[in-house]
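The structure under discussion appears below in the form of structure tokens.
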Protein chains: 2
Amino acid sequence: MRAAAEQAAQALRDEILSGAIPSGARLGEAELAGRLSVSRTPIREALSRLAAEGLVEIQPNRGARVASWSSEQLRDIFELRLRLEPYAVRQAVPNLDAEQIAELDELAAEMMRVGKPGRNQNLAAIVELNRRFHGLFIDAAGSPPLAQALRGVTHAAVVTQNFHDYAPAALLRSLHHHVEMVAAARAGAGEWAEAIMRAHLYNARATMIGHGPEEAGAQEATTGRGSEGAGAQEATTGRGSEGAGAQEATTGHATTMGVRA
Amino acid sequence: MRAAAEQAAQALRDEILSGAIPSGARLGEAELAGRLSVSRTPIREALSRLAAEGLVEIQPNRGARVASWSSEQLRDIFELRLRLEPYAVRQAVPNLDAEQIAELDELAAEMMRVGKPGRNQNLAAIVELNRRFHGLFIDAAGSPPLAQALRGVTHAAVVTQNFHDYAPAALLRSLHHHVEMVAAARAGAGEWAEAIMRAHLYNARATMIGHGPEEAGAQEATTGRGSEGAGAQEATTGRGSEGAGAQEATTGHATTMGVRA
DNA sequence: TCACGAAAAGTTGTATGCAATCCTTGCCAT
DNA sequence: ATGGCAAGGATTGCATACAACTTTTCGTGA
């Protein structure tokens, strides 16, 4: 897979993560092919890749849609992140060189800048910055299997984590966590960074899906629980999508994207 | 993706997991297409899927190979499994119904049968049984994100875990773990099952890659560590592969498959 | 003899055409 | 009026043809 397919995948990734294409929206192959000026073949390739990353869901003979997550799945995702990401950060800290720490510093600072309440608060920009921030730590952990396991859920969660639902106080906490994490990394204190990451995730989870692990009364007697069948229940989110006018959609931030129920 | 592609993916998965196709072997699209009697298109689709699962590695413009893991990656994989799979088992236990427990029982018993030392010890069969055993627990945990994260590493590890390297005593321990896990599940004792799974993984890791976490002296100053570039360093494992004579290869168990360095 | 380079063969990447499946719309019977 | 059914349209899945890249091989010159 190269040039066309990779490019198409990246374009779609950006559009999805930025919210230009709302979650649940249908992704017709012909439409995408026309819009991105490539054939359907690389489009299919790209959709496969994004499906593997968890960004889109493919149903046989029925096309692809932008993925969406139930609040239950969201709980699962955070449970997973809590189990892996603090560990990843601890492993990463000793591996970080000066350049990487500088980049983390820059990212954290930039997020503080664009996230500061008031006008010209650019929440959409945070999504991408945040993704790079977490991604840098994950890569630096130096464990490809760990990175692969986390990629999907950070993508997924980050998309959902559209920061629009953040209460101002929680958002500020989150941004300060980033800064503190950089400080911990610079000090070479892996366990410090790990602790902050854990707090970071708890904070995010609390705003995302009511707080607490809800450990008790969790099973609620869902008998078999048929593995993982496609659970996209008619999420046809607007978007008439006549002609090739997808440009102006880029500006509109989706408000409650990702969360299904 | 359906019929042809799914079928091709399953066929390749089986051949890889059973060891019929040795790790590191090249997977030419044309050859596979001819052998499985489908076009190259579904083959590419299948390879993409398997790459997402971590079973094959794709290098742009250079084709696909059966994945192989360095002993360092193997350590990473077990670190990941240790972090996720015991938890998965604990979550799964309350969800298991009688039928599933019966199936687990059957699988554990069957593994004891075919794994018992002596002649007609069928090690190849254990790989598949073991995969189903672990997979059943993982699915029953009821967390699609968790399942996806684990799928890759259990696949990978199970492939490597070809049981040929097991010392007889370690293999027996492993088989007894399965039986005990079923007992714990039947008793509804999630924490018991969790503990056994943890021991199970430690035991596997010890035979796989020298024991111990090797926590100290782990960083060994690998400076940048360029994210995740393709690190398949000429693993051209024999297999002249003239003509379409891939049938007889099905019988030969690869002896030290998966482990690269 | 070795190194460098170019051509050729083989393989992957992309585009397009056709077949199969699914969804929609309209009609008919109850 | 509502439910079921069939035909049409639209979309996905697969196959094949062509283009681009990579690797190998053979030849030439130092």
Side-chain angles (χ1 to χ4, degrees), chain A residues 1-12 21 24-52 56-67 229-237 239-244 246, chain B residues 1-12 21 24-52 56-67 229-230 232-244 246:
Chain A
M1 179 208 273
R2 220 173 107 182
E6 179 62 35
Q7 184 179 341
Q10 188 56 42
L12 279 178
I21 304 181
R26 219 177 147 322
L27 297 170
E29 298 180 1
E31 178 201 352
L32 295 174
R35 193 151 62 82
L36 301 177
S37 301
V38 290
S39 153
R40 275 179 50 214
T41 308
I43 292 290
R44 288 177 64 84
E45 186 92 25
L47 288 177
S48 275
R49 255 182 96 110
L50 296 179
V56 312
E57 294 170 349
I58 295 181
Q59 293 166 286
N61 285 318
R62 300 185 53 185
R65 316 180 85 92
V66 178
Q233 48 188 20
E234 264 335 295
T236 32
T237 322
R239 192 164 221 261
S241 145
E242 296 292 288
Chain B
M1 180 210 270
R2 221 173 107 180
E6 179 62 35
Q7 184 178 340
Q10 188 55 42
L12 279 177
I21 304 181
R26 220 175 148 327
L27 297 170
E29 298 179 0
E31 179 200 353
L32 294 175
R35 194 150 62 81
L36 300 179
S37 301
V38 289
S39 155
R40 276 179 50 213
T41 308
I43 293 291
R44 288 176 66 82
E45 187 92 24
L47 288 176
S48 274
R49 256 183 95 109
L50 296 179
V56 313
E57 294 171 348
I58 295 181
Q59 293 167 286
N61 285 318
R62 299 185 55 185
R65 314 181 85 91
V66 178
Q233 48 189 19
E234 265 335 295
T236 31
T237 322
R239 190 165 222 260
S241 144
E242 297 291 290

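Since the model is a prediction, treat every value here as computed from it, not as a measurement. Quick note on labels: first sequence line is chain A, next is B, and so on, each numbered from 1.
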Subject >> Footprint string (nucleotides 5-10 of chain D, 5' to 3'): B base within contact, S backbone only, - free, heavy atoms under 4.0 Å >> reply: ------

Original post:
Please give, in whole Å, the distance from D:dT11 P to A:E29 CD?
Top reply: 11 Å

**OP:** Side-chain contact test, heavy atoms from C-beta onward, threshold under 4.5 Å: evaluate it for A:R65 versus A:Q59 and give yes or no.
**Re:** yes

Original post:
Expressed in angstrom and rounded to an integer, what is the separation of A:I58 atom CD1 from D:dT11 atom P?
Top reply: 17 Å

**OP:** Kindly determine whether B:T41 and A:T41 satisfy side-chain contact (heavy atoms from CB on, under 4.5 Å), including the steps that lead there.
**Re:** CA-CA 9 Å; B:T41 308; A:T41 308; 5.9 Å; no

Original post:
Within this structure, what is the CZ-to-C1' distance between B:R26 and C:dT11, rounded to whole angstrom?
Top reply: 7 Å

Original post:
If you find the nucleotide of DNA chain C closest to A:V38 and the one closest to B:G28, which residue's nucleotide is nearer the 5' end?
Top reply: B:G28

Original post:
Are OP1 or OP2 of D:dT23 and a side-chain N or O of B:R62 less than 4.0 angstrom apart?
Top reply: yes

Any N/O pairs under 3.5 Å between the protein and nucleotides 16-19 of chain D? List them or say none.
residue	atom	partner	partner atom	Å
D:dT16	O4	B:T41	OG1	3.4

**OP:** Name all residues meeting the side chain to side chain contact (heavy atoms under 4.5 Å, CB included) criterion together with B:A52; count only those two or more places apart in sequence or in a different chain, and write none if there are none.
**Re:** A:A52

**OP:** Could you state the atom-to-atom distance from CG of A:L36 to P of C:dA15 in whole Å?
**Re:** 11 Å

Subject >> Nearest listed nucleotide, side chain of B:A5, among D:dC21, D:dC14, C:dT14 >> reply: D:dC14

Subject >> Side chains of B:E31 and B:R26 in contact at under 4.5 Å (non-hydrogen atoms) >> reply: no

Subject >> Minimal non-hydrogen separation, A:A8 against A:I43, with atom names >> reply: CB-CD1, 4.2 Å

Original post:
When the distance from CZ of B:R49 to P of D:dG13 is rounded to whole Å, what number comes out?
Top reply: 12 Å

**OP:** Grab the CD1-P distance between A:I43 and C:dG13 for me, whole Å please.
**Re:** 16 Å

Original post:
Roughly how many Å is it from CD in A:Q59 to C1' in D:dG13, rounded to a whole number?
Top reply: 15 Å

Original post:
Atom CD of A:Q10 and atom CZ of A:R49: how far apart are they, to the nearest 0.5 Å?
Top reply: 9.5 Å

**OP:** Only counting residues at least two apart or in another chain, list the ones meeting side chain to side chain contact (heavy atoms under 4.5 Å, CB included) with B:Q7.
**Re:** none

Original post:
Could you state the CD-C1' distance from A:E57 to D:dT12, rounded to the nearest angstrom?
Top reply: 18 Å

Subject >> Any B:L27 side-chain heavy atom under 4.5 Å of B:I21 side chain >> reply: yes

Subject >> Reported CZ-to-CD1 distance for the pair A:R44 and A:I58, which is rounded to 0.5 angstrom >> reply: 8.0 Å

